[in-house]
Amino acid sequence: MQSYRRGVSLGFHTFGLEWFPDKYIFYVDGYKYYEVTDGISNIEEYMILSMEYPSKKEEILKTIFPDVFMVDYVKVYQKKEGN
């Protein structure tokens with residue numbers, strides 16, 4: 001499942017990720033943005049913040065450069081067992 005939010009390229013936003021054993025759910029400004037069920041890791045990982053480029057040539061041609069990726073802070077939480 002994927003969705004598109006208008007204005008996500010403008011201003012500052014909050015981004016979130018819920019990591020379940022069977023899926024990742026991504027959020028933008030508290031709204032569910034994307035969900036994936038393939039390639040889910042079930043081992044401890046390091047966090048990497050990156051700016052990925054589109055994978056298709058047609059999408060790259062639509063990309064506006066230069067682009068900026070600024071991070072103010074990062075918080076990580078772990079749910080307690082049973083929640």
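Residue numbers count from 1 along this sequence.
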*List the steps, then state whether side chain to side chain contact (heavy atoms under 4.5 Å, CB included) holds for Tyr24 with Thr37.*
CA-CA 7 Å; Tyr24 299 135; Thr37 57; over 6 Å; no
_Once you measure the plane-to-plane angle for Tyr34 and Phe26, does it fall in the parallel (<30°), tilted (30-60°) or perpendicular (>60°) bin?_
tilted
_Quick check for you: to the nearest 0.5 Å, what is the distance between Asp72 atom CG and Thr14 atom OG1?_
11.5 Å
_If hydrophobic residues (ILVMFWY) are linked whenever their side-chain heavy atoms come closer than 4.5 Å, directly or via other members, who joins Ile25 in its cluster?_
Phe20, Tyr27
*At their closest point, which heavy atom of Asp29 faces which heavy atom of His13, and how far apart are they?*
OD2-ND1, 2.6 Å
*Short question: side chain of Trp19, backbone of Ser41 - any donor-acceptor pair under 3.5 Å?*
yes
*With a 4.0 Å cut-off, would you call Glu18 and Lys79 a salt bridge?*
yes
*Verdict with reasoning, Met47 to Val76, per side chain to side chain contact (heavy atoms under 4.5 Å, CB included)*: CA-CA 10 Å; Met47 185 181 305; Val76 178; 3.1 Å; yes
*asked:* Walk me through whether Asp22 and Ile40 qualify under side chain to side chain contact (heavy atoms under 4.5 Å, CB included).
replied: CA-CA 6 Å; Asp22 61 340; Ile40 308 304; 5.9 Å; no
